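Step one of this worksheet: look at the structure below.
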Amino acid sequence: MSTSLSVFTSDLRLSDNPVLRAALRAAERVVPLFVVDRGLARTGFAVPNRVAFLADALADLDAGLRERDGRLVVRRGDAVAEILRAARQADADEVHIAGGVSGYATRRERRLREALEADGRRLRVHGAVVTAVEPGEVTPAGKDHFAVFTPYFRAWQRAGQRRPLTAPRTVSVPSGLRSEPVAAVASLAPGSPSPGLPEGGETAGRRRVRAWWRSGLGSYADRQDDLAGDATSRLSPYLHFGCLSPVELVHRARETGGAGADAFVRQLAWRDFHHQVLAARPDASYADYRPRGDRWREDAAEVAAWKAGRTGYPLVDAGMRQLRHEGWMHNRARLLVASFLTKTLYQDWRIGARHFLELLVDGDVANNQLNWQWAAGTGTDTRPNRVLNPLAQARRFDPDGAYVRRWVPELAGVTGSGVHTPWRLPEAERNRLDYPDPLVDLQAGLARFRHARG
């Protein structure tokens with residue numbers, strides 16, 4: 001009987017999985033394979049929050065395959081060596097895998113293609129699995145990628161998208177193939193994850209979609225920046241790991257229609273936008289996309305205060321504490337804390353990007369690094385010198401201070417909007433708070449940044 005391999009990477013789902021579907025069409029039996037790749041430890045991926053979510057996702061994927069008479073085969077070691085070994089053991093002619101844009105993914109694909117071809121086997125790489133529109137599918141005339149989101153979004157909306165695929169009814173897996181336990185992935189990053197980490201896996205992701213579609217999608221356009229309202233979808237971890245399909249979400253949102261659905265689709269397009277930038281400019285993961293001649297300050301104490309959520313600006317600190325507790329942060333808060341680090345404190349964006357990747361369960365090289373560059377003014381923002389003022393942001397997006405009180409318990413007893421300016425409280429009340437004074441004067445930080453940028 002003919003056999004093919006379906007290698008799971010950032011597509012840990014059964015519904016709308018073109019990789020698995022293609023492998024099933026190509027052969028009578030399929031080996032659903034996941035490799036616990038030790039090389040991930042060198043990329044910065046293997047941190048407790050993402051590994052814990054990954055372990056959930058793999059357990060859920062294995063359970064779904066077993067319901068279809070299959071199972072997930074797990075191997076541990078170098079990804080290319082283990083995929084080749086499994087292909088030989090199963091006598092598989094073809095190996096199917098999702099395309100990726102990170103340096104790690106492209107190097108893995110190149111090495112895997114060379115190894116398989118040398119062994120008389122074929123590699124099939126599938127697009128529009130991790131993104132709704134494949135990077136490079138839409139490009140401006142004479143260029144290899146869009147550098148500005150708005151024209152990209154117009155082209156993205158016009159691009160044709162495939163129809164979502166249903167989950168297979170059965171998956172026939174050859175017997176006798178050795179497998180590590182699914183829990184072997186935990187060896188990538190020993191340590192405790194954040195206490196508020198969400199449950200991983202396709203089942204949990206689809207449950208969250210159903211709930212948010214009923215309660216949050218309709219009002220999303222009006223409430224997506226409401227920090228205390230927590231009205232965003234929180235689907236980013238499930239998209240990052242491929243537990244949910246961006247193609248399916250776009251298709252479903254367009255069918256639903258309305259201002260909320262349109263705003264949600266726009267956010268999915270932002271995700272694709274960053275992937276196509278990184279595909280064309282892989283060095284943007286570590287080098288300025290648009291250099292500004294910055295000579296970043298170096299102040300370890302300021303960075304430590306920012307990481308700990310002790311800057312003296314409550315809205316900034318609330319975001320940083322939410323990140324540590326949940327392994328996730330509201331997008332509006334992400335923009336603010338990034339602007340504060342890179343512009344008010346004038347510290348290198350790479351410091352912030354690295355810290356985010358140490359904690360974010362949805363930590364994604366394309367979106368994390370390029371959003372940080374956007375905030376720092378070295379990326380694709382058409383207004384690179386805009387500075388987000390924490391007090392102005394508080395007035396707009398947390399006017400009564402509910403978000404701050406939730407995440408900064410030292411200030412829970414401060415009433416009204418004064419929670420955002422505790423340094424202005426009466427001296428006796430101020431002295432009772434275990435909360436620091438502002439790390440920097442906002443106007444002084446703004447002047448310093450403007451001077452540095454000329």
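In this text, all values refer to a predicted model and were calculated from it rather than measured experimentally.
- Checked options Arg254, Arg206, Arg13; the residue passing with Glu248 is Arg206 (criterion: salt bridge (Lys or Arg N to Asp or Glu O under 4.0 Å)).
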Quiz item: Between Val31 and Ser4, does a side-chain contact (heavy atoms from CB on, under 4.5 Å) hold up when you go through it step by step?
Solution: CA-CA 6 Å; Val31 179; Ser4 62; over 6 Å; no

Taking distance alone, no hydrogens or angles, what donor-acceptor pairs closer than 3.5 Å link side-chain atoms of residues 43-60 to residues at least two apart or in another chain?
from: Thr43; atom 1: OG1; to: Leu40; atom 2: O; distance (Å): 2.7
from: Thr43; atom 1: OG1; to: Phe45; atom 2: N; distance (Å): 3.2
from: Asn49; atom 1: OD1; to: Ser194; atom 2: N; distance (Å): 2.6
from: Asn49; atom 1: OD1; to: Ser194; atom 2: OG; distance (Å): 3.3
from: Asn49; atom 1: ND2; to: Ser194; atom 2: OG; distance (Å): 3.0
from: Asn49; atom 1: ND2; to: Leu359; atom 2: O; distance (Å): 2.7
from: Arg50; atom 1: NE; to: Phe45; atom 2: O; distance (Å): 3.2
from: Arg50; atom 1: NH1; to: Leu357; atom 2: O; distance (Å): 2.7
from: Arg50; atom 1: NH1; to: Leu360; atom 2: O; distance (Å): 2.7
from: Arg50; atom 1: NH2; to: Gly44; atom 2: O; distance (Å): 2.9
from: Arg50; atom 1: NH2; to: Phe45; atom 2: O; distance (Å): 3.2
from: Arg50; atom 1: NH2; to: Leu357; atom 2: O; distance (Å): 2.7
from: Asp56; atom 1: OD2; to: Gly200; atom 2: N; distance (Å): 3.1
from: Asp60; atom 1: OD1; to: Thr203; atom 2: OG1; distance (Å): 2.7
from: Asp60; atom 1: OD2; to: Glu202; atom 2: N; distance (Å): 3.0
from: Asp60; atom 1: OD2; to: Thr203; atom 2: N; distance (Å): 3.0
from: Asp60; atom 1: OD2; to: Thr203; atom 2: OG1; distance (Å): 3.2

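- A donor-acceptor contact closer than 3.5 angstrom is absent between the side chains of Gln276 and His274.
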### Task
List the steps, then state whether side-chain contact (heavy atoms from CB on, under 4.5 Å) holds for Val130 with Phe241.
CA-CA 9 Å; Val130 177; Phe241 283 92; over 6 Å; no

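- Taking CG of Asp283 as the reference point, atom CD of Gln369 lies at 12.0 Å (rounded to 0.5 Å).
- Taken to the nearest 0.5 Å, the CG atom of Leu227 stands 11.0 Å off from the CZ atom of Arg396.
- Residues passing the ring-ring contact (aromatic ring centres under 6.0 Å, His included) test with His251: none are found, sequence neighbours excluded.
- A side-chain donor-acceptor contact under 3.5 Å links Arg162 to the backbone of Ala128.
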Do Thr378 and Gln373 pass the side chain to side chain donor-acceptor pair (under 3.5 Å) test, and can you show the C-alpha distance, the side-chain angles, and the key distance before you say yes or no? CA-CA 5 Å; Thr378 61; Gln373 292 228 46; 2.6 Å; yes

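- Within the 3.5 Å criterion, the main-chain N or O of Ala228 finds no donor-acceptor partner in the side chain of Asp230.
- Around CD of Glu298, the count of heavy atoms belonging to other residues, nucleotides or ligands within 6.0 Å does not exceed 12.
- Nearest heavy atoms, Arg163 versus Asp16: O-OD1, 4.2 Å.
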Report task. Determine, stepwise, if the pair Glu255 / Arg252 fulfils salt bridge (Lys or Arg N to Asp or Glu O under 4.0 Å). Result -> CA-CA 5 Å; Glu255 279 191 336; Arg252 185 171 174 179; over 6 Å; no

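- Scanning both residues, Arg38 and Leu188, for their nearest heavy atoms gives CA-CD2, 4.4 Å.
- In Arg386, the CZ atom is crowded: over 12 heavy atoms of neighbouring residues, nucleotides or ligands sit closer than 6.0 Å.
- Applying the ring pair (Phe, Tyr, Trp, His ring centres under 6.0 Å) test to every pair with at least one member in residues 186-210, sequence neighbours left out, gives no pairs at all.
- For the ring pair (Phe, Tyr, Trp, His ring centres under 6.0 Å) with Trp270, the lone residue among Tyr152, Phe146, Phe149 that qualifies is Phe149.
- One N or O on the side chain of Arg448 and one on the backbone of Thr344 form a donor-acceptor pair closer than 3.5 Å.
- Counting only distance, with no hydrogens or angles, the side chain of Asp262 and the backbone of Gly257 share no donor-acceptor pair below 3.5 Å.
- For the ring-ring contact (aromatic ring centres under 6.0 Å, His included) test, residues two or more places apart in sequence or in another chain that qualify with Trp212 are Tyr220, Phe264.
- For the pair Asp272 (side chain) and Thr131 (backbone), a donor-acceptor distance under 3.5 Å is absent.
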Margin query: Does Glu199 form a salt bridge (Lys or Arg N to Asp or Glu O under 4.0 Å) with Arg208? I'd like the steps, not just the answer.
Written below: CA-CA 10 Å; Glu199 178 187 2; Arg208 187 175 288 273; over 6 Å; no

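- Between Phe153 and Phe273, the distance from one ring center to the other does not fall under 6.0 angstrom.
- Counting only distance, with no hydrogens or angles, the side chain of Arg334 and the backbone of Met329 share a donor-acceptor pair below 3.5 Å.
- Side chain of Ser339 to main chain of Leu335: no donor-acceptor pair is present (N/O by atom type, distance under 3.5 Å, no hydrogens or angles).
- In this structure, Trp372 has its ring center closer than 6.0 angstrom to the ring center of Phe356.
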- [ ] Could you go through the side-chain contact (heavy atoms from CB on, under 4.5 Å) check for Val36 and Arg75 one step at a time?
- [x] CA-CA 6 Å; Val36 181; Arg75 297 289 175 87; over 6 Å; no

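- Applying the salt bridge (charged side-chain N to carboxylate O under 4.0 Å, His left out) rule to Arg21 yields no partners; only residues at least two apart in sequence or on another chain are considered.
- Nearest heavy-atom pair across Leu411 and Pro422 is CD2-CB, 4.2 Å.
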For residues 288-296, tabulate all N or O donor-acceptor pairs below 3.5 Å that involve a side-chain atom, not counting sequence neighbours.
from: Asp288; atom 1: OD1; to: Trp349; atom 2: NE1; distance (Å): 2.8
from: Asp288; atom 1: OD1; to: Arg350; atom 2: NH1; distance (Å): 3.4
from: Asp288; atom 1: OD1; to: Arg350; atom 2: NH2; distance (Å): 3.4
from: Tyr289; atom 1: OH; to: His145; atom 2: NE2; distance (Å): 2.7
from: Arg290; atom 1: NH1; to: Gly379; atom 2: O; distance (Å): 3.1
from: Arg292; atom 1: NE; to: Gly377; atom 2: O; distance (Å): 2.7
from: Arg292; atom 1: NH2; to: Gly377; atom 2: O; distance (Å): 3.4
from: Asp294; atom 1: OD1; to: Tyr346; atom 2: OH; distance (Å): 2.6
from: Asp294; atom 1: OD1; to: Arg453; atom 2: NE; distance (Å): 2.8
from: Asp294; atom 1: OD1; to: Arg453; atom 2: NH2; distance (Å): 3.4
from: Asp294; atom 1: OD2; to: Arg453; atom 2: NE; distance (Å): 3.4
from: Asp294; atom 1: OD2; to: Arg453; atom 2: NH2; distance (Å): 2.9

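- No side-chain donor-acceptor contact under 3.5 Å links His275 to the backbone of Ser102.
- Panel note: side chain Asp348, backbone Ile351; no donor-acceptor pair is recorded below 3.5 Å.
- For Asp62 (side chain) and Leu72 (main-chain N/O), a donor-acceptor pair under 3.5 Å exists by modelled atom type.
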